[in-house]
Amino acid sequence: MPAPYSIEKPESLGVVPERLDALLTRIRREVDEGLLPSCQLALARDGKLAAFETVGDAQPTTRYVVFSATKAIVASAVWILIGEGKLDVSARVADVIPEFGSNGKDVITIEQVMLHTSGFPLAPLGPPNWASRDKRLEAFAKWRLNWEPGTRFEYHATSAHWVLAELIERAAGDDYRAFIRSRIAMPLGLELGLGIPEDAQQDIARLASVGDPPGPDELAAIGLGALNLGEVTDEALLRFNEPASMAVGVPGGGGVMTAADMALFYQALLHNPGGIWDDDVLADATGTVRCTFPDALMLGAPCNRTIGVMVAGDDGKSHMRSMGRTVSPRAFGHPGAGGQLAWADPESGISLCYLTNGLDRNVLREGRRGVAISSLAGVATQPV
């Protein structure tokens with residue numbers, strides 16, 4: 001269960017109340033209109049919450065599946081091990097996980113896995129095998145390349161982070177979920193749930209598909225004939241309603257938490273309380289763009305990937321990277337399926353998390369909603 005949260009007066013954190021009111025009004029819209037069953041938003045600055053709002057059929061203690069926003073948390077565990085000299089991003093994965101080095105995958109580096117340039121985006125691993133470490137290793141050995149590593153970017157929705165989880169276990173000598181809990185969540189006093197026991201899932205918002213898919217005219221208006229979201233299908237996302245799937249702790253998308261915990265996690269990435277991460281590694285991981293290959297899911301915009309997150313950039317396409325139109329070029333974060341938002345802006349000091357259990361089939365509307373919410377949050381500290 002999440003701990004009680006302390007909410008500061010917005011003015012005390014430099015957040016303009018009128019700006020915050022506009023943001024909270026915006027998140028209520030789709031819930032009030034009956035599209036989304038519930039949503040939750042947290043805005044933080046200076047390591048503290050300026051707002052934490054739950055709307056619809058949910059409570060402040062309700063936790064949400066954050067989907068791929070989980071990836072930043074798992075990557076941050078790798079960053080700890082890099083800082084301790086236990087992992088080297090230039091090393092080959094097979095040097096740490098020999099079982100992985102089959103079928104031409106022996107050349108893949110840890111950096112390529114973290115950048116989604118490693119060439120196995122479609123590698124299959126699902127229930128029930130994903131719940132067994134032995135079965136996961138068997139799957140690694142069977143995986144084949146879809147294209148030559150390092151030659152392009154293609155989002156690895158779940159495959160890459162299964163490899164990162166195993167790298168954490170080999171380097172740390174501990175279960176990846178336990179490592180994240182003991183080295184990140186507990187020192188920060190946060191609930192960054194990954195692998196929730198079946199008897200502790202009662203407060204997790206049940207996922208539901210809502211709305212209708214975009215029509216041909218909507219797709220044509222943005223130059224698309226069809227949408228291809230790969231393995232991120234309604235069926236795959238709704239699988240996280242299953243207690244057994246929730247209990248696994250899928251490292252690429254199975255994190256469960258409140259918006260407050262995620263927003264405060266991003267504050268920790270801005271301020272590094274207690275020196276959880278090596279400062280130089282953290283600055284590199286949240287600021288150095290190592291991959292600018294085009295991202296097909298962003299209509300060919302550069303992916304702007306670091307070893308774990310995306311950076312907003314100064315090319316006018318920060319909204320395509322799920323950080324709205326008003327953040328600074330240094331903002332960084334990682335969104336999740338279903339419209340989940342999570343980012344921090346080192347310039348303003350703001351961090352945002354928006355979560356919902358309504359999986360909008362109209363992903364274009366979902367995208368517009370995210371742009372609006374992030375854009376309003378991005379100016380929360382600016383005078384009206």
Side-chain angles (χ1 to χ4, degrees), residues 1-29 31 38-56 58-64 66 69 72-73 76 184-192 257-277 279 282-283 286-287 312 318 323-333 340-356 370 372-384:
M1 289 284 293
Y5 300 100
S6 175
I7 315 298
E8 305 294 323
K9 290 185 176 180
E11 303 95 321
S12 70
L13 298 177
V15 173
V16 180
E18 294 85 354
R19 298 282 192 184
L20 181 57
D21 288 345
L23 173 62
L24 297 179
T25 297
R26 179 63 187 84
I27 71 164
R28 296 186 186 107
R29 181 189 301 178
V31 177
S38 75
C39 69
Q40 198 175 74
L41 177 138
L43 187 82
R45 194 172 191 234
D46 294 339
K48 301 174 182 177
L49 290 171
F52 179 42
E53 190 88 358
T54 304
V55 182
Q59 303 296 323
T61 54
T62 298
R63 294 181 291 173
Y64 291 78
V66 303
I73 296 172
S76 77
I184 301 172
M186 290 179 65
L188 294 175
L190 302 177
E191 291 286 341
L192 305 176
M257 62 204 70
T258 65
D261 282 312
M262 181 66 86
L264 290 171
F265 165 73
Y266 270 89
Q267 283 295 305
L269 296 184
L270 290 177
H271 300 292
N272 198 15
I276 290 175
W277 299 276
D279 286 331
L282 182 61
T286 59
S318 58
M323 286 172 268
R325 298 180 183 274
T326 62
V327 296
S328 81
R330 294 177 58 205
F332 61 88
Q340 320 298 47
L341 304 172
W343 53 259
D345 188 343
E347 294 295 329
S348 68
I350 287 288
S351 64
L352 170 83
C353 182
Y354 168 86
L355 304 172
T356 180
I373 291 170
S374 284
S375 296
L376 288 167
V379 293
T381 62
Q382 298 180 17
V384 176

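The first residue in the sequence is number 1, and the count goes up from there. The basis for the numbers below is simple: all heavy atoms, side chains too, and nothing from hydrogens, waters or symmetry mates. These figures come from a predicted structure and were not determined experimentally.
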Query raised in the report: Under 3.5 Å, is there a donor-acceptor pair between the side chain of Q340 and the main chain of T356?
Result: yes

Requested in this report: Please answer whether the main-chain N or O of V327 pairs with a side-chain N or O of D345 as donor and acceptor at a distance below 3.5 Å.
Outcome: no

Query raised in the report: Do the non-hydrogen side-chain atoms of K48 and S6 ever get within less than 4.5 Å of each other?
Result: no

Report task. Show your working on side-chain contact (heavy atoms from CB on, under 4.5 Å) between Y64 and T54 and close with a plain yes or no. Result -> CA-CA 11 Å; Y64 291 78; T54 304; 4.3 Å; yes

Identify each donor-acceptor pair in which a side-chain atom of residues 265-277 lies under 3.5 Å from a protein atom, sequence neighbours left out, and give them as a table.
{"unit_1": "Y266", "atom_1": "OH", "unit_2": "H334", "atom_2": "N", "d": "3.2"}
{"unit_1": "Q267", "atom_1": "OE1", "unit_2": "D46", "atom_2": "N", "d": "3.2"}
{"unit_1": "Q267", "atom_1": "OE1", "unit_2": "G47", "atom_2": "N", "d": "2.7"}
{"unit_1": "Q267", "atom_1": "OE1", "unit_2": "H271", "atom_2": "NE2", "d": "3.3"}
{"unit_1": "Q267", "atom_1": "NE2", "unit_2": "A44", "atom_2": "O", "d": "3.2"}
{"unit_1": "Q267", "atom_1": "NE2", "unit_2": "G349", "atom_2": "O", "d": "3.0"}
{"unit_1": "Q267", "atom_1": "NE2", "unit_2": "S351", "atom_2": "OG", "d": "3.0"}
{"unit_1": "N272", "atom_1": "OD1", "unit_2": "I276", "atom_2": "N", "d": "3.1"}
{"unit_1": "N272", "atom_1": "OD1", "unit_2": "W277", "atom_2": "N", "d": "3.1"}
{"unit_1": "N272", "atom_1": "ND2", "unit_2": "W277", "atom_2": "O", "d": "2.7"}
{"unit_1": "N272", "atom_1": "ND2", "unit_2": "D279", "atom_2": "OD1", "d": "2.8"}
{"unit_1": "W277", "atom_1": "NE1", "unit_2": "S76", "atom_2": "O", "d": "2.9"}

Report summary line: On a heavy-atom basis, the closest approach of I27 and V31 is O-CG2, 4.3 Å

**Report entry** Non-hydrogen atoms of S328 and A312 that approach each other most closely
**Finding:** O-CB, 3.5 Å

Requested in this report: Nearest 0.5 Å please: distance from the CD1 atom of I7 over to the CZ atom of F52.
Outcome: 7.0 Å

Requested in this report: Would you mind reporting whether V15 and I350 have side-chain heavy atoms less than 4.5 Å apart?
Outcome: yes

Query raised in the report: If you round to the nearest 0.5 Å, how far is CG of L41 from OG1 of T258?
Result: 11.5 Å

Query raised in the report: What heavy-atom pair brings M262 and M257 nearest, and what distance separates the two atoms?
Result: CE-SD, 3.7 Å

Query raised in the report: Under 3.5 Å, is there a donor-acceptor pair between the side chain of S318 and the main chain of G324?
Result: yes

Query raised in the report: Nearest 0.5 Å, what's the CG-CG distance between L264 and L49?
Result: 4.0 Å

Report summary line: The reported gap from SG in C39 to CZ in R29 (rounded to nearest 0.5 angstrom) is 12.0 Å

Query - Any side-chain heavy-atom pair of R45 and E8 under 4.5 Å - result: no

Report task. Using a 4.5 Å cut-off on heavy atoms from C-beta on, say whether the side chain of S374 contacts that of L352. Result -> yes

Tell me which donor-acceptor pairs under 3.5 Å the side chains of residues 375-384 have, and how far apart each pair is, sequence neighbours excluded?
{"unit_1": "S375", "atom_1": "OG", "unit_2": "R325", "atom_2": "N", "d": "2.9"}
{"unit_1": "S375", "atom_1": "OG", "unit_2": "V371", "atom_2": "O", "d": "2.7"}

Report summary line: Note: A50 and P10 closest approach over all heavy atoms is O-CG, 3.9 Å

